[in-house]
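Note on naming: letters A, B, ... go to the chains in the order of the sequence lines (proteins, then strands), and numbering restarts at 1 for each one.
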Amino acid sequence: MNLFSSPAAHANEDRRLMLLIPCPYCGPRNQIEFTYGGDATVRRPAMKECPADPVSAWVDAVYVRDNPCGPHDEWWLHGAGCRSWFMVRRDTRTHEILASARIGEAFAGEPR
Amino acid sequence: MSDDGTLRPFGAFDSAAPGHYGVSPGAVTLAEIPISVAWNVQGDPLHPAFLAEAKRRFGLALPLVPNTTARGPAWKALWLGPKSWLLMAGDETVIVPPAGFDAQRDALNAAGGALFDLSASRVAFMVKGLRAAAVLAKNCPLDFHPRAFLAGNCAQSLLGHINALIERPDATPTFVVMVPRSFAQDGWRQLCRSSAQYGYDVVVPVSMS
Amino acid sequence: MTQRFRLPTGGIVDRTRPLAFTFDGVPYQGYGGDTLASALLANGVHLVGRSFKYHRPRGIFSAGTEEPNALVQLARGAHTEPNARATTLELYDGMTASSQNCWPSVRHDIGAVNNAMSRLIPAGFYYKTFMWPPTPRWWLRYEQVIRRAAGMGRAATQPDPDSYEHQYAHCDVLVIGGGTTGLAAARAAALAGARVILCEQNVDCGAAPLPAGTKIDQTPASEWIAAVASELLRHPEVTLLVRTTAFGYYDGSLVGAIERVTDHLAAPPAHGPRERLWKIRATAVVLATGAIERGIVYANNDLPGTLLASAARTYVERYAVRPGDRAVMFTNNDGAYADALALQAGGVDIAAIVDARTDAQSSGILTARARDAGMVIVSAATLIGAHGNRHVAAVDVASRAGVPAQRIDCDLVCVSGGWNPAVHLYSQARGKLRYDEVLASFVPESSPLPIIPAGAANGCLGLSEALAEGHAAGIAAARQAGRIAALLAPPRADPLATAPLQPLWAVPAARKSARRFVDLQNDVTVNDIALAAREGYQAVEHLKRYTTLGMGTDQGKTSNIIGLALLAEQLGVPIPRVGTTTFRPPYTPVTLGAFPGHESGAHVAPTRYSAMHAWHVEHGARFVNAGLWKRPHSYPRAGESEDDAVNREARSVRTTVGVVDVSTLGKIELQGRDVAELLNRLYINRWDTLAIGRCRYGVMLRDDGMVMDDGTTSRLSDTHYLMTTTTVNAVKVMQHLEYLLQTQWPELDVYATSVTEQWAAMALSGPKARDVLAGLVDIELSNAAFPFLAVGTCNVRAASDDPAGAIPARLFRMSYSGELAYEIHVPCHRGLAMWEAVLAAGEAFGIMPYGTEAMGTLRIEKGHVVIGPEADGRTTADDLGMGKLVNAGKWCIGKPLLDRSALTAADRWQLVGLTALGDAPIPRGAKIVADPERKAPNPMLGHVTSWCWSPNVDAWIALALLANGRARHGDTLWAVSPLAGAKVRVQVGPPCFIDPDGERLRV
Amino acid sequence: MFDNADSSPASRPPTLKYSIFSLARNAASHHERWPLAWRSPSPKKRYDAVIIGGGGHGLATAYYLARNHGLTDIAVLEKGWLGGGNTGRNTTIVRSNYHLDANARFYEFSLKLWEDLSQELNFNVMYSARGVLNLVHSPADMDAAMRRGNSMRLNGIDAEFLTRDDIARRIPNLDCSIGARFPILGGLLQPRGGTVRHDAVAWGYARAADARGVDIIQQCEVTGIRTANGAVTGVETTRGAIETPKLGIAVAGHSSHVAAMAGLKLPIESHVLQAMVSEPVKPVLDTVVTSGAVHFYISQSDKGELVMGGDLDFYNSYAQRGNLPMVEHVVAACLALFPSFGRLKLMRTWGGIMDMTMDGSPIIGKLPVNGLYMTGGWCYGGFKATPASGYVLAHTIAHDAPHALNAAFTLERFGQGCTLDEKGAGPYAWAH
């Protein structure tokens, strides 16, 4: 069960509002309350896993980026608010925020 | 480790002294509010055991709706985050000896939660009066419109460059602004500067309970 | 001086409120309600400044923010303001203003030689010359001259005495522009129940002139405007802001607006800000910013006495000022006819209306009215040039057929080349623009954002249509915010039949040397644009940058479109193909002081104070910034230098006992079943072996394997830990923890919170530390009971007169100084009591407080690294001699990347200790070289990271990072500072100078 | 350090030399006889080398390929207009005050090229050696500044340390009071640092390259990179396909985007950096002043505008627009240092897209596809590097091997652990 309001609600109501960032818990808040956390699609090798070439696996995770010109899934921390890390899908060409999602949840309109 | 209910001065300086400041007449009242006990409860609301333990300990159901508060006979709970609340002694006469804290902490740890003592971490200011919302809106990006910031709501945001936890205890135009202790002077300065054009009165510390 | 050109009646000026002011030292009089420009014109003053490049005489050209010429230096001293726009400056009693960019006076200006040389200095001339003699020095000399000639007003030399503030605001509908369109929009939105903010840049709403006798909803327009304005003013959910200019549309539908609060007052009230920066978050924006008139370019179109037609009329109708006695109108559209009628009504003799259109083309009602009023209309004709010395005296008019020009005497030329919708904010809101052939201008097409253009800003110039658009926009905007409007009829006005405009940008010149100005402020001529096109600067941005078209303070509001059209003409392509330039914020220049608001000067960043700060101040501490904190650097005594104080403090810790405020250290409490596992993953060393009541030092790495932070972690209970971080990294480490716990390792049962603000902390160090503490605490401190690295709680005896009684404390036996030492943490509000209790108890032992500097000396003597100097973000744990700590048995963050080849190379810079041979101090920021005499480039073997005079070793010592340093112990090298002209021989050794086996801290 | 090509006699000057005399001659003819500064040819089917990006770096690369290596069958492809990217959006500062050897030597070479560039190109780029001053606000700053200054001097680069009094004398309107929030304790001055007229750099290189036969093609966007068995064969553009064995990428801001056309991923994020200017005023600041403590830099343009910049907006972006909070931050920093500028007005703000690498240093050299080369990852530092960047990339393309000065700026350094982290800020693109 989900005790909180759905993140989808935030995603829709703020479609246009770009850097009015929709915290999945607190709702839309001013950009200055947040801290950017970078590309959320980067996959850090799991701690226990020992890939064939751990160094290059970590080099990819730590240094290499898709850096897309368009929708970008990224981490944000509501640092001056509820201190939740969450994911935002933002268009890097326009700064338009397309959706936000809690950890472990899919973006609005996407299957889990 | 709250051992006493005495006022925790944030470091008095001139404009904190009771009196009238800015243009007359005063449309805003500022005061420090003593915090006697402020504990940070953390835990996963998806775990009934934790919620139950918290309820048993503090006599209230932790508010699960973001940015809302709940009151019990002795305690008030402010929502801080999806797994975090600030419990404040709504009544200054509550004396909790150190041992008391450890016992509460152990009990909550046992229930899969956590309890941290933050009683001395924040300094609270009251901003009261018809211009209270305007004063806060000068340096805080939140919407203080009565339809947007309801009585019984709380929110964390920024006051200028510093973090602030803001609560609206009731329907009157009154807000409680809590800032980190080491930033208290800057927080107070901002409130005074923002109030000056309306005129403001500083009164001796008052209790919000 | 009397106001010769003031009309006896009419206008908004208050004739009962005369205001005295001076311009260029000459005293004049104006009235309440005047702008500086209208007051000057009332006194017959047109010549207000000299142009940027050619220093040509320039007069008032417009009546608003688009003004390119009338920029003045306002006030004096600390209050002086350069480039103030006379056309928007509200006059106040005692205003002093002067002209700019001229010397010795605006009438006789030496700089005017540029005008004579103008043939030599066309657009971009400086790219083609000043290259000889061929050395950078010479360009610097040329540049000095150029810089002095350029620039406009003068900046103040003293700090700005005024204050500024911010105001966040939230609303459903923001209406930008309080003209008739904006009023209609705001009214409609408010009636729909929306929270509305209306901002108008003038002092009142509906300032733009309307044709005489205009009625709205059957009432005279002025009455309708007043009624709606006051209705909005009274509405509880409407905020009406005047003197407020929306200057930028930013991401998140955030509109920045600047409110001029006190500039119009002779004596501003105390406590009020000069300006207020509004940050308005609106669900939808209605853009009702109107349109800006443009001129038509012809020879000498820059002579004072030349005004935009609508501006001339504004001066007559709004300010009751005659801008001249005898006017020639030059137009290609109907607007100028209404203006002519208004001027005539104001007593200006209309010598002629020169209309580029044929009679057939100019068939509007207004034309008829002008004819009825007996005005001479010369159609199918153009104004080919103006004559006059510092003021227009006559113009030449020629019909296009090329028949000889006819000269008409006049002292006023009113030009109208059409209207440019003010689409700046629309474009900033990523709105697309479309070239409208009828208006011959760019108009809004579509925006992905909730911004709705209406009225003239949308290219809709007719009043009745604009009112309907405004009304509809208000309702649409309210609907965006979920407010549904009750049925309400839009305000109505009688439509006015007008004839379309005939595009005309520049009139061909009779002579090649004729000067036809496109951009009046930057002196860009038609020939300059031709030159740019000829040389290949054909992209709009190239044109702008090469000629500086539209780069002035007016941002080309009246000139850009003309420039574009002329470029298109040159290239032989349609105007839309050339495209328009991007509109960047701000719409009009905004006072810098408004941006910091309350966070100005000393408050540019907040300051953090420890609970003991007041004590430090009382006891003469010198402070140093540590992050946002103020920390005591040292406590010099009377007549003691800082260095002596530092040495005294450092010595006392080694010989007796000292106490230092360490409250600024980051503190994070952790609770849960998996804390030890978390610590294992965070730190290079092992944590599952840490017993309750014990603490341990740890080092954490960044993902790339470099040292990130260090500190101690204590186990307070089975499930409760306290982690400390460095002062500067406290926030970073907390974020790092939360990131890992929330996004990477949600399976871990760990809760964390920062308790930095909760605990005041102090370190008590020195051989006598135990003796001092023994008398204060209620626990046994013997080595057996409380050994090195022990952690416990206790009660500290406070001063007998302390009502709060004993102080509950956390006690840690850890040492940074290398001496027997304890760290004491108490709830912040008891910090001062604790501090005083310790000093009182220590008095008998000669205790003294020490600051960060002595703390530095002590840790250098012990070779303890600091995040920053030693761990500089490029060093690994092994570089710092802590390779042993990296636990082979377990994984931790950063460990995988330590295997990269370059991080294990033999020539890594490694931590070493240096001792100076001789008494000369090791210089600050010294580099280490083998041969100090070698010529550059002199290879660097390493550098000094921290250094000090050690009163305990009795020598200058240092920590350093040295290539392959651990293999160089015993070598002698040079520490050099070419900056200081110093070089010192140093001996390399291990990074520890005192008690290498650590016996002292275990006594 | 120079290519031996440099010892060859002075190269053919561009047609119609610019000088006070040609200016006077043309004044007589009402400036109606000036030729095009560069041609606008249509692209050929094939070139010996193609450079993507008609900014300063791309044009400089083409120029030095022609000048130093005799390659003249070259095309520069620009999707918009010359110098329309960061060349025309930066704060025009040039300096070589770096701490790490590789950076210091590279930027110093660049500064040496700046010194003669106006004559070299016969186009006045207005290199103004007015000095770049880094303010020092704390003892820790002081150590770092001294360390850096000493490195510079040992590398043969000019550097001086100024005391607070020196600075107060030199820059009277700077707040040097001890009571300041971030008191000024001193500063590190590089006298030869200064500013350059940014647009002139693109135009000057374009004109000079064109004079040597380089085809400069605007409005020509590259849409694909053609490769065959691990080597470049050409590019696809909006104006047709072009064959070439050597392809240079000089599109800082969009490097990831273009490299992806060759199937490459880079250690780069694109971020927006804002710059802004005040209204023009008479001279008030004769030195370039920068402050690390408040992340701020300022100079006064010859036109009189105060040109200011600060930090990134801190989120990935390809939109050349900034947001209000950073404008507030930059201006606040400005007024904390220069309280007397409070009544001046902000006239224009804009944003540029920075290629932020993970260590703050550029990538110049060969890419893991034969015949493919890049210069990029410039973070804040691209403009001042323009001449050297073009110079060494031209060398790398001509010899298919790096010049000594860009040997350290490889793509491989991240995997090998020899990153060039001038600030020690770590693998976070926005931290540099």
Side-chain angles (χ1 to χ4, degrees), chain C residues 81-83 119-120 122 127-131 134 136 143 146-147 150-160 250-251 256 512 531 535-536 539 545 553 584-585 589-593 595-596 599-600 602 604 625 702 704 872-874 900-903 924-925 927 936-938 943 977-979, chain D residues 18 20 23 27 30-31 34 36-38 81 84 115 118-119 123-124 127-129 138 143 146-147 149-150 153-156 161 181 199-200 279-284 302-304 323-324 328 331-332 335-336 339-350 416-418 421 424-427:
Chain C
E81 178 188 341
N83 310 328
R119 285 273 286 281
L120 265 180
Y127 298 120
K128 295 172 177 159
T129 178
F130 301 123
M131 288 180 280
E143 188 182 42
I146 292 170
R147 287 185 66 199
M152 290 162 79
R154 298 188 182 282
T157 54
Q158 301 137 47
D160 182 358
Y250 295 91
D251 289 343
K512 277 185 172 165
L531 175 62
E535 292 192 281
R545 290 155 183 263
T553 64
R584 299 188 178 108
V590 179
T591 307
L592 290 181
F595 289 96
E599 273 137 16
S600 59
V604 65
N625 285 329
R702 292 187 318 222
D704 64 352
D872 60 7
R874 294 182 291 262
R900 290 177 292 172
S901 51
L903 300 188
R924 201 183 252 277
K927 309 296 292 192
N938 188 345
H943 63 232
S977 170
L979 283 180
Chain D
Y18 287 164
I20 186 70
L23 204 53
H30 300 280
H31 301 285
W34 288 107
L36 283 167
W38 51 80
W81 40 278
E115 287 174 328
S118 294
Q119 291 73 27
F123 198 101
N124 190 352
Y127 162 61
S128 171
S138 71
D143 293 355
M146 287 293 218
R147 216 173 278 137
N150 285 327
R153 290 280 287 269
L154 290 166
N155 272 318
F161 191 82
R181 178 64 183 88
D199 293 324
E279 292 183 339
V281 287
K282 293 293 178 187
V284 286
D302 289 348
K303 208 170 165 243
N323 218 337
L324 192 54
E328 290 174 3
V331 176
L335 298 187
S340 61
F341 292 171
R343 299 178 94 83
L344 301 184
K345 299 187 211 73
L346 185 74
M347 185 169 78
R348 191 161 59 245
T349 67
W350 64 92
Q416 296 160 345
C418 40
D421 192 340

Check step by step if side-chain contact (heavy atoms from CB on, under 4.5 Å) holds for D/Asn150 and C/Ser977. CA-CA 6 Å; D/Asn150 285 327; C/Ser977 170; 3.2 Å; yes
Closest approach of [X] and [Y], non-hydrogen atoms and distance?
X        : Y        : value
D/Glu279 : C/Asn83  : OE1-CB, 2.9 Å
C/Leu120 : D/Ala27  : CD2-CB, 4.3 Å
C/Leu592 : D/Val331 : O-CG1, 3.3 Å
C/Leu903 : D/Gly417 : CD2-O, 3.6 Å
D/Val284 : C/Arg147 : N-NH2, 4.4 Å
C/Tyr127 : D/Tyr18  : O-CD1, 4.2 Å

So which part of [X] gets closer than 4.5 Å to some heavy atom of chain D, the side chain, the backbone, both or neither?
X        : answer
C/Ala539 : side chain
C/Asn625 : side chain
C/Thr553 : both
C/Leu531 : side chain
C/Glu599 : backbone

Can you confirm whether the side chains of C/Asn938 and D/Arg153 place a donor and an acceptor under 3.5 Å from each other?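 No, D/Arg153 and C/Asn938 have no side-chain donor paired with an acceptor closer than 3.5 Å.
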Measure [X] against the heavy atoms of chain C and call it side chain, backbone, both or neither at under 4.5 Å.
X        : result
D/Asn155 : both
D/Ala425 : backbone
D/Leu335 : side chain

Any non-hydrogen side-chain atom of D/Thr349 less than 4.5 Å from a side-chain atom of C/Pro585?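 Yes. Closest side-chain heavy atoms under 4.5 Å.
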Side-chain donor/acceptor of C/Lys128 to backbone N/O of D/Ile20, under 3.5 Å: no
Tell me, out of C/Arg584, C/Arg545, C/Arg154, who's got the most heavy-atom pairs with chain D below 4.5 Å.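 Top count of heavy-atom pairs under 4.5 Å with chain D: C/Arg545.
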